[in-house]
Amino acid sequence: MRWLGFDWGENFFHASDYFPQLYEFALDLIRQGKAYVCSLSADEMRDYRGTLKEPGRESPYRDRGVEENLDLFGRMKAGEFPDGAHVLRAKIDMASPNLNMRDPVIYRIRHEEHHRTGDQWVIYPMYDYTHCISDALERITHSICTLEFEDHRPLYDWVLDQLAVPCHPQQIEFARLNINYTVLSKRRLIELVTGGHVSGWDDPRMPTICGLRRRGCTPGSIRNFCDKVGVAKRDSCVDMGLLEYCIREDLENSAPRAMAVLRPLKLVIENYPEDQVEEIEAPCHPNDPALGTRRIPFCRELYIERDDFMEDPPKKFFRLGPGREVRLRYSYIVRCTGVVRDESGEIVELRCVRDPDTRGAAPADGRKVKGIIHWVSARHAVPAEVRLYDRLFLEEDPCADKAIDYKSHLNPDSLEVLTGCLAEPSLAGAAPESRYQFERLGYFCADRRDCQPSKLVFNRTVTLKDTWAKIEKKD
RNA sequence: UGGGGCGUCGCCAAGUGGUAAGGCACCGGAUUUUGAUUCCGGCAUUCCCAGGUUCGAAUCCUGGCGCCCCAGCCA
């Protein structure tokens, strides 16, 4: 949460901070005759609770006297009873149409170690009882929660109305955030983790804060996303595209540019001297000089993206093809003069010639070269592993059909690991969590766990908007 | 009528009696050494439906319809 940009200062509290007061308030409820120890088993209690349409029945223990209740509750606290033997219940109304008001349990016995209070307690208060009192003790004015607690509000208010608390906060419920092509409930996320469907809570495909962080999202992009989504009371599902837009929006301005080739194809410039190397100074950002420049070595043998060459390109494709011209970003215009194939016929190398007068300049004869592609120097590039992430689920709403396990909609291709990638040498010392735009490809983040100087590992946070892919799909 | 909520563009979402904001997506077009960015322009005569009240209704009333939540000693 701090990483996200929030800080409570001295106001970071836990419900367990209030265990002593909560106990005292329970005693108070008992003395007022508004709480009693019930010794029904869980099954019996369910039976007594009634149904959605029929009222419940009162527990046979409902009329225990104050002294007996005090004694029993004290002994519950002292650890005299096993788990489940007794509970403390609020005495409200077993006929209430709101099931939460049918004498809800407020304390139960749990002989379990607590992560903050250790073995100090063997009875623990229930959420409905704890939350409202905690809010009041903290002088909360508005207690925001999700829609499923609307039915609990009468209980929230009831508890506070019975007790001498410093104030009565107002609970207001709002819809939870849903995003398509993923799941956000804790229960499902934990299932993905324990079931080994992802590598952990911070797997870059997880919609958790630590997952988004490792993926490369900035705190600002997440905050901006939340602002754009808004808060309302109706069940909704936000398009993942909006999150992606927010990430791009932030990174567009802040991420330095670099060139990296994910699927390398060798390109040899026949009319470029074997031993020559040019250091090209390139801006780290096209529109913001403040990000500075870096030097990129250029020589006779380069690698370009396999996708940037097509042997038989369609009319609208303006990258490289036999006889075609293309601009090497920040550098020369080259023309493809031939291809070299291996025994199986696969193209393993392109032969090109450069136009020597076009480095950083338009062709003197005024001809237009629309295609611009990225590249790295074969001699200077540094190897890298790049992890390509895609949506976690194939279905927009993986949980739509209750009869089908949402996990069966998991996208088998949500992670693609590319090991033979090549990056420009300025990336050699990339620090973990540093973010870049690999030009024409997308935004990438050095993995905070696995990226090391000796082994670069980048996560693709999000691709660039790809108009070409859209055109291609249409045709 | 068991109770509690919600229905405004493909997705979010303002609007709470004065004549439908905004964002994403989408579709044009301009600029561009990233098919990126940026920039201009388009995109709900209509607010779940049907009646009613009103000079005037997404907003008020009545009746429907649809969707979500609740029977943990979970949160």
Once hydrogens and angles are ignored, does a donor-acceptor distance under 3.5 Å link the base of B/U34 to the side chain of A/R440? no

Does any donor-acceptor pair link the side chain of A/R153 with the base of B/G4 at a separation under 3.5 Å? no

### Task
Under the side-chain hydrogen bond (donor to acceptor under 3.5 Å, both in side chains) rule, what do A/E305 and A/H374 come out as? Steps first, then yes or no, please.
CA-CA 7 Å; A/E305 207 67 60; A/H374 59 280; 2.8 Å; yes

Report which part of the nucleic acid [X] touches: base, sugar-phosphate, or nothing (heavy-atom distance under 4.0 Å, all strands).
X      : value
A/L464 : base
A/G360 : base
A/E54  : nothing
A/C246 : nothing
A/Y124 : nothing
A/P154 : nothing
A/S331 : base
A/V231 : sugar-phosphate
A/Y129 : nothing

For [X] and [N], give me the distance from atom [atom1] to atom [atom2], rounded to whole Å.
X      : N     : atom1 : atom2 : answer
A/L177 : B/A13 : CG    : C1'   : 14 Å
A/M310 : B/G35 : CE    : C1'   : 14 Å
A/R354 : B/U33 : CZ    : P     : 21 Å
A/K233 : B/G7  : NZ    : P     : 9 Å
A/F444 : B/U34 : CZ    : P     : 18 Å

Problem - Test salt bridge (Lys or Arg N to Asp or Glu O under 4.0 Å) applied to A/K233 and A/E150, step by step - result: CA-CA 11 Å; A/K233 292 197 70 169; A/E150 275 173 327; 2.9 Å; yes

Pairing check on [N]: which nucleotide meets the Watson-Crick or G-U wobble criteria with it, both distances under 3.5 Å?
N     : value
B/A13 : none
B/G66 : B/C6
B/G28 : B/C40
B/A21 : none

Sorted by chain and number, sequence neighbours left out, ring pair (Phe, Tyr, Trp, His ring centres under 6.0 Å) with A/Y107 holds for A/F73, A/Y129

Ring pair (Phe, Tyr, Trp, His ring centres under 6.0 Å) filter on A/F149, not counting sequence neighbours, yields A/Y127, A/H152

Considering only heavy side-chain atoms of A/E439, the closest of B/C24, B/U34, B/C12 is B/U34

Just the table, please: protein N/O against nucleotides 25-30 of chain B N/O, every pair under 3.5 Å.
| residue | atom | partner | partner atom | Å |
| --- | --- | --- | --- | --- |
| B/C26 | OP1 | A/K470 | NZ | 2.9 |

Ring-face cation contact, A/Y406 with A/R188, 6.0 Å cut, 45° max | yes

Practice problem: Report yes or no: is the cationic atom of A/R57 (NZ for Lys, CZ for Arg) under 6.0 Å from the centre of the six-membered ring of A/Y48, at an angle within 45° of the ring normal? | Solution: yes

Spacing of the [atom1] atoms in [M] and [N] (rounded, Å):
N     : M     : atom1 : result
B/U54 : B/U59 : P     : 16 Å
B/C24 : B/U31 : C1'   : 24 Å
B/G41 : B/G51 : C1'   : 41 Å
B/U37 : B/C26 : P     : 11 Å
B/C6  : B/A13 : P     : 13 Å
B/G23 : B/A44 : C1'   : 16 Å

Sidechain N-carboxylate O distance under 4.0 Å for [X], [Y]:
X      : Y      : answer
A/D355 : A/R367 : yes
A/E279 : A/R295 : yes
A/R75  : A/D71  : yes

* Under 4.5 Å between any side-chain heavy atoms of A/N224 and A/E249, yes or no? -> yes

Go through the steps for A/R359 and A/E278 under the test salt bridge (Lys or Arg N to Asp or Glu O under 4.0 Å), then give the verdict. CA-CA 11 Å; A/R359 179 180 153 183; A/E278 284 177 80; 2.5 Å; yes

Residues in residues 14-26 of chain A with a heavy atom under 4.0 Å of RNA chain B, by number, are none

Contacts of A/V229 and A/W468 projected onto RNA chain B by closest heavy atom; the upstream (5') one is A/V229

On RNA chain B, more 5' by nearest nucleotide between A/R257 and A/K53 is A/K53

Result for salt bridge (Lys or Arg N to Asp or Glu O under 4.0 Å) between A/E325 and one of A/R354, A/K370, A/R335 points to A/R335

Return no unless some side-chain N or O of A/S236 is found under 4.0 Å from OP1 or OP2 of B/C11. no

Heavy-atom contacts, protein to nucleotides 64-75 of chain B, under 4.0 Å, summarised as B (base), S (sugar-phosphate only) or - (none) per nt, yield ----SBBBBBBB

**Request:** Kindly determine whether A/Y181 and A/D397 satisfy side-chain hydrogen bond (donor to acceptor under 3.5 Å, both in side chains), including the steps that lead there.
**Result:** CA-CA 6 Å; A/Y181 296 105; A/D397 178 3; over 6 Å; no

For A/E68, the salt bridge (Lys or Arg N to Asp or Glu O under 4.0 Å) test, sequence neighbours excluded, returns A/R64

